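What follows is a short report on a single structure.
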Amino acid sequence: MTFEILERAAAGRLGRFTTAHGKVTTPTLMPVVNPNISLLTPRQMRDQFGTQMVITNSYVLNKHEALRTKALAEGVHKVLDWDGPTMTDSGTFQMYVYGDVQLQNDTIVGFQRDIGVDVATCFDIFVTPDMGRAEAEAAVAATIARTKEAVPHKGNSLLNATVQGGVHYDLRKLCAEAYRDLDVDYHTIGGVVPVMEQQMYPELAEMILWSQAGLRKDRPVHLFGAGHPLIFPLAVALGCDLFDSSAYAKYAKDGRMMFEWGTAHLAELAELPCACPVCSKHGADGLKALPGKEKETALAEHNLHVSFADLRRIRTAIQEGSLWELVEQRSACHPMLAAATRKLGDPTYQAWLEQREPVSHTRALRYTGSLTHQRPIFRRIRERLQTRFVPQGEPVEMEMDTGFANKGDMRRELGMHKEPGGKPYFAGRGSLDAAMDHAVVCALGPVPAGLDEAYPFAQSVLPRLEGLDRGHMGWVGETKDLFLAAHGFVPAIPGPGGKDGGVQFGKLQVLRTADWQFGAGAGAALIAGDLRLETSRATGKLRTVHLGDEHILSLRAHDGFWTLKIAGARLVHKALPSPANRVVVAADSVPFNRAGKSVFAQFVKTMDEGLRPGDECLVVDEQDTLIAVGQLLLAPDEVHDFKKGMAVRVREGIPV
Ligand code: GUN
Ligand code: ZN
């Protein structure tokens, strides 16, 4: 297997990329190594920065007689004195910079194969952002044709197919889709260097989004020529797994230092705002006083220290689920970057991103500022409040006209509770008036009673309403109005809960959270009967749910969602018709899943496209017989694309 997803956040993936010369943990950066003039050797880079993979240029290797001879005789790894994963580029970039490069696609791909590179690159055509549509279209067509031509020449190397299209976004998707069924292994998003140089970050974001929209999800994606940490969080959040950098050396040559917040000239710095070994050792004056080549090397080292540290930070953010926060924080470093992040709030992009957004994270959701409310999870909250909520209160006749209803209308009342200081909002408040539904309006919208222990409602840190930015306040207001309208609610001041008639919290939590997770109607099926709730002595929180004699649900402590026991799964299966919550597996997988073994992606026939990574799901055969229950690890389109690897971690199988 070439690429596996280990952890995820936003559309970002912490992955494992396997090459003939070892495994690479992504996202990562491959420094560009120039075989002619190298400030640092790959082995030095591994020792100093933890470099896992490097990239060099096959055009340069092929052009110089001595290098070509050595590379062909001993391999590219010997030339670089490096035994780790190695990629080569083809000469496209030189063609873009210098214009006249004499090169044949099949020759240069064959050369890369012959020197034993791990990832070889086709001779694609660089589409610049100023190209008109016709020219871009022709270049994309030629790039696709060259990629097809290169496939039979790849030998034992993995083959990289580059997505071009410039700023004609639909061409990007078209180009990416043309690669889906080709025998290629790896993708770069190309033609982005001039866009990055001109700090056209909104366009960069759209180039990535549209390329990703067409690409297969089971191959690593590399943003070609991107080596400045400023944009790493955003690019990773949009699914980029690898970066390459010659910038570290080019900047060093000009006396420029990269920081994750931007770039500065050493000459202009009185102090060094950096804790890397180079800066710590020399200080600003010491660094300025170094002789030419030594200074250049020191600056290159600093640039790589900063870049690799940022990638460690990003991988950590994926692991703990705080990548969106990092993206938003980084956006504050450059106005155009902020504009790029704001672009992700466009409904189309938000919808794309929502499909990859995991159901929960181990770390609480945190507000960073005015970009927070356009995260995909907020779209999900708004949607599900309308579609995955079933009102319980009885309709009452309006006694007078209100802003929401007229006298005589039959409406349900929604008890609007004051925003409390702590969380969860409802548990521990005593009983609620059973005649109406209840919600607290907060920065996450109207949070209904019973849903307030689930992610992100309990697992979040946001300001109280009065502390929010205006955009976020607007989101709250609209979301509340949509919720009221969807269920025919009128807002009401909640009365005191009756002693006997009060709502039982635990039951409400089963109902609301199950509807939220599985769809409207699931909750009612799970509480229909003799419900027995067991709470934890230590925390007072619900732990298990029995219906009659059967254990149907357990609470997932970290996110407050239900895990399904077989008896619970049967109820959901019966309550909601196919394809809801289903993952349909091929006949040859059935016995394994019945025995409790996981579902592998290649055995999935179809599935509920509404499922999200981390969702509880029903594993069924092609006749819709329930055979197991488990947790989905991938997004639906990933399940379709991955030919290997686990799709559902089965928790319990149902033996025949
Ligand atoms: N290096 C930077 N951008 C590109 C690109 O679009 N194609 C190739 N082959 N190399 C690049
Ligand atoms: Zn430094």
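Just follow the structure's listing: the first ligand is 1, and inside any ligand the first atom is 1. A quick note: this is a predicted structure, and the numbers were derived from the prediction, not measured.
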(Q) Using the side-chain contact (heavy atoms from CB on, under 4.5 Å) definition, which of the options Lys154, Arg113, His153, Gln112 pairs with Leu159? (A)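 Answer after filtering Lys154, Arg113, His153, Gln112: Lys154.
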Main-chain N/O of [Y] paired to [X] side chain as donor or acceptor, under 3.5 Å:
| X | Y | value |
| --- | --- | --- |
| Ser90 | Cys122 | yes |
| Asn105 | Phe123 | yes |
| Thr372 | Gly369 | yes |
| Ser322 | Glu325 | no |

Q. Hey, are Glu638 and Arg356 close enough for a salt bridge, meaning a charged N less than 4.0 Å from a carboxylate O?
A. yes
Q.
Does Arg133, at its CZ atom, have more than 12 non-hydrogen atoms belonging to other residues, nucleotides or ligands within less than 6.0 Å?
A. yes
Check: every ligand 1 N/O to protein N/O pair under 3.5 Å:
residue, atom, partner, partner atom, Å
ligand 1, 6 (O), Gln164, NE2, 3.0
ligand 1, 6 (O), Gly191, N, 2.8
ligand 1, 7 (N), Asp124, OD2, 2.9
ligand 1, 9 (N), Asp89, OD1, 2.8
ligand 1, 9 (N), Thr92, OG1, 3.4
ligand 1, 9 (N), Asp124, OD1, 2.7
ligand 1, 10 (N), Asp89, OD1, 3.3
ligand 1, 10 (N), Asp89, OD2, 2.6

**Q.** Cation over ring face, Arg219 and Phe3, 6.0 Å, 45°
**A.** no
Q: Consider only side-chain N and O atoms of Thr86 and Trp82, and report whether a donor and an acceptor are under 3.5 Å apart.
A: yes
**Q.** the Zn ion (ligand 2) neighbourhood, protein N/O/S only, threshold under 2.8 Å
**A.**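 Checking every protein N, O and S atom gives Cys274 SG, Cys276 SG, Cys279 SG, His302 ND1.
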